[in-house]
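Written out below as structure tokens is the structure these notes cover.
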Amino acid sequence: MASLDSVKNILESNSDITREIKDNLFELIVIFNHKFPNVGLDNLESHLKTLKIKKSSKFFSGDISTYDYRHNVLYFNQSCMNDDYDFRHILMFELLNIISCNKVQVGFNSDDKFEALNIGYTEILANYLVGNKGEKLIYPNEAIMANMIGVVVGNENLFESYFNNDPRILLNALAKAGVEL
């Protein structure tokens, strides 16, 4: 199991990430690890070796940020940089995507079947970990939906499904709650 020290060493060895971003990422990794010490950092350690951070435009994505797990690239939309986003929150949101990525899927989003729910749950986790002081929110509707589903299936099932990349946990919890699938 990857430790904070090994994650820091891997992060430090990545020449494609600036010093400032390395420092910001590691601060958020420590916060994550403190709040969720039982969640392994192996996926994160693996991704940090080759993670690239690039600028994008509104033509690539209208979102402020996007993690492309297939190519292990984190994009930040230049056209949104002056908007009133909380960049600490955004970086935590994307860090959660990296932590929960097993190179096949992010969180419980399997074949885009739970994409909106996965985004909403990631938003909830980012809010829990670092809050959000921005005037603009990233995915408020998805977070509301994820909160409501969490009430139905139990937050522990969302958490387990998300960090184990196992949508079956979520589906079983939905079925147990009486939701017809």
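Scope of the values below: all heavy atoms of this structure, side chains included, with no hydrogens, waters or symmetry mates. Predicted, not measured: the structure shown is a model, and the values here were computed from it.
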Subject >> CG on Leu129 to NE2 on His34, rounded to 0.5 Å >> reply: 10.5 Å
Subject >> Presence of salt bridge, Lys136 and Asp84, under 4.0 angstrom >> reply: no
Subject >> Pairwise side-chain contact, Leu44 with Val7, heavy-atom cut-off 4.5 Å (strictly under) >> reply: yes
Subject >> Of Asn155, Asn147, Ile144, the residue whose pairing with Ile124 passes side-chain contact (heavy atoms from CB on, under 4.5 Å) >> reply: Asn147
**OP:** Decide yes or no for Lys49 and Asn14: does some side-chain heavy atom of the first lie under 4.5 Å from some side-chain heavy atom of the second?
**Re:** no
Original post:
Any idea which heavy atoms bring Met1 and Gly40 closest together, and the distance?
Top reply: CE-CA, 4.2 Å
Subject >> Straight-line distance of Leu91 CG to Leu96 CG, nearest 0.5 Å >> reply: 10.0 Å
Original post:
Do the side-chain N and O atoms of Asn72 and Thr50 include a donor-acceptor pair separated by under 3.5 angstrom?
Top reply: yes
Original post:
Considering only heavy atoms from C-beta outward, does the side chain of Tyr128 approach that of Lys35 to under 4.5 Å?
Top reply: yes
Original post:
Considering the options Leu158, Leu171, Ile169, which one meets the side-chain contact (heavy atoms from CB on, under 4.5 Å) requirement together with Phe108?
Top reply: Leu158
Original post:
Does Glu12 pair with Arg19 as a salt bridge, N-O distance under 4.0 Å?
Top reply: yes
Subject >> Distance-minimising heavy-atom pair for Ser100 and Val106 >> reply: OG-CG1, 3.4 Å
Original post:
Can you name the one residue among Tyr162, Phe114, Phe159 that meets ring-ring contact (aromatic ring centres under 6.0 Å, His included) with Tyr121?
Top reply: Tyr162
Subject >> 4.5 Å side-chain heavy-atom contact, Leu117 and Glu142 >> reply: no
**OP:** Side-chain contact test, heavy atoms from C-beta onward, threshold under 4.5 Å: evaluate it for Thr18 versus Lys22 and give yes or no.
**Re:** no
**OP:** Taking all non-hydrogen atoms of both residues into account, name the closest pair between Tyr75 and Asp68 and its distance.
**Re:** CE1-CB, 4.0 Å
Original post:
Given Asp86 and Lys133, is the salt bridge (charged side-chain N to carboxylate O under 4.0 Å, His left out) satisfied, shown in steps?
Top reply: CA-CA 6 Å; Asp86 178 349; Lys133 294 179 177 133; 5.9 Å; no
Subject >> CG on Leu174 to CG on Leu170, rounded to 0.5 Å >> reply: 5.0 Å
Original post:
Could Arg168 and Asp166 be called an ion pair, given the rule that one side-chain N must be under 4.0 Å from one carboxylate O?
Top reply: yes
Original post:
Hey, what do you get for CG (Asn141) to CD1 (Ile119), rounding to the nearest 0.5 Å?
Top reply: 11.5 Å
Original post:
Shortest non-hydrogen contact from Ser161 to Pro167?
Top reply: OG-CA, 3.7 Å
Original post:
With a 4.5 Å limit on heavy-atom distance, are the side chains of Val73 and Ile53 in contact?
Top reply: no
**OP:** Determine whether the aromatic ring centres of Tyr139 and Phe93 lie less than 6.0 Å apart.
**Re:** yes
Subject >> Lys55 vs Phe76 side-chain heavy atoms within contact, under 4.5 Å >> reply: no
Original post:
If you round to the nearest 0.5 Å, how far is CG of Asn132 from CE of Met92?
Top reply: 12.0 Å
**OP:** Begin from the C-alpha positions of Ser3 and Lys8 and carry the test side chain to side chain donor-acceptor pair (under 3.5 Å) through to its verdict.
**Re:** CA-CA 9 Å; Ser3 68; Lys8 184 174 186 173; over 6 Å; no
**OP:** For the pair Tyr67 and His47, name the ring-plane relationship: parallel under 30°, tilted 30 to 60°, perpendicular over 60°.
**Re:** tilted
Original post:
Hey, does Glu94 have a side-chain heavy atom less than 4.5 Å from the side chain of Thr122?
Top reply: no
**OP:** Determine, using ring centers only, whether Phe32 and Phe163 are less than 6.0 Å apart.
**Re:** yes
**OP:** Using the side chain to side chain donor-acceptor pair (under 3.5 Å) rule, take Gln78 and Ser56 through it: C-alpha gap first, then chi angles, then the decisive distance, then the call.
**Re:** CA-CA 6 Å; Gln78 291 183 148; Ser56 68; over 6 Å; no
Original post:
Just how far is it from atom OG of Ser65 to atom CG of Leu74, taken to the nearest 0.5 Å?
Top reply: 6.5 Å
**OP:** Can you see which heavy atom on Gly131 is nearest to which on His89, and at what distance?
**Re:** O-ND1, 3.0 Å
**OP:** Return the minimal non-hydrogen interatomic distance between Ala143 and Glu123, and the atom names on each side.
**Re:** CB-CG, 3.8 Å
